[in-house]
Amino acid sequence: MIGSIPGHVAVRCSSDDYVIVEEIHPLLQSPAGQALRVALTELPDDSEKVYDHRHAGCRVLQYRSQKLADQLGADDNDGRVDIVFESEGSAYNAGAIKVILMDLFDSLGADTRDC
């Protein structure tokens, strides 16, 4: 279970043993609102949204947390987290999220995803 939905999670850690990539795979497709609630439960309570961009193939949100910056240090000194929602197929469908990817890919305020 991932919070309130069935599925599985894959993670990658830094050399300091901090999770720096989390890939959440709901068993069934989830609506974007539910996917966002699942993703936000993984973030510290001081997280603030930096942006929310929709692309043809995905939706990308970025959040920032001072608690995360303090904890991760050199791995993520500005406390940013990118959240990417992907649907099955090449087009983004807000009603059918198949992958929730959380990582440190972009710089703070940048959205360089090509999806």
Partner residues of [X] under the side-chain hydrogen bond (donor to acceptor under 3.5 Å, both in side chains) criterion, sequence neighbours left out:
X: Glu48; result: none
X: Gln62; result: Asp82
X: Lys49; result: none

Checklist entry - Of all residues at least two apart in sequence or in a different chain, which pass the ring pair (Phe, Tyr, Trp, His ring centres under 6.0 Å) check with His53? => result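 Testing His53 for ring pair (Phe, Tyr, Trp, His ring centres under 6.0 Å), a comparison that skips the adjacent residues, returns Tyr51.
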Would you compute the distance between atom [atom1] of [X] and atom [atom2] of [Y] and round it to the nearest 0.5 angstrom?
X: Leu27; Y: Lys98; atom1: CG; atom2: NZ; value: 6.5 Å
X: Glu88; Y: Glu86; atom1: CD; atom2: CD; value: 11.5 Å
X: Ser87; Y: Tyr92; atom1: OG; atom2: OH; value: 6.0 Å
X: Gln34; Y: Ile97; atom1: CD; atom2: CD1; value: 10.5 Å
X: Arg113; Y: Arg59; atom1: CZ; atom2: CZ; value: 14.5 Å
X: Leu72; Y: Ser14; atom1: CG; atom2: OG; value: 7.0 Å

Item to check | Over all atoms of both residues, closest heavy-atom pair of Val50 and Gly109 | outcome: CG1-CA, 4.0 Å
Next on the checklist: Could you tell me if the side chain of Leu43 sits less than 4.5 Å from the side chain of Met102, heavy atoms only?
Outcome noted: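 The answer is yes; the side chains approach within 4.5 Å.
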Next on the checklist: Do Glu42 and Ile83 have side chains that approach each other closer than 4.5 Å (heavy atoms only, starting at C-beta)?
Outcome noted: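 No - every pair of side-chain heavy atoms lies 4.5 Å or more apart.
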Checklist outcome for this item: Those residues at least two apart in sequence (or on a different chain) that pass side-chain contact (heavy atoms from CB on, under 4.5 Å) with Ser65 are Pro44, Asp46, Ser47, Lys67, Leu68
Checklist entry - With Asp78, which residues qualify under salt bridge (Lys or Arg N to Asp or Glu O under 4.0 Å), at least two apart? => result Arg80
Next on the checklist: Please identify which of these residues, Asn93, Leu36, Ile24, Val99, meets the side chain to side chain contact (heavy atoms under 4.5 Å, CB included) condition with Phe85.
Outcome noted: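 Only one option passes, and that is Leu36.
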Out of curiosity, does [Y] fall in the hydrophobic cluster containing [X] (side-chain heavy atoms, cut-off under 4.5 Å, transitive links)?
X: Leu40; Y: Val60; result: no
X: Val21; Y: Val9; result: no
X: Tyr18; Y: Phe105; result: no
X: Leu104; Y: Val11; result: no
X: Ile20; Y: Leu61; result: no

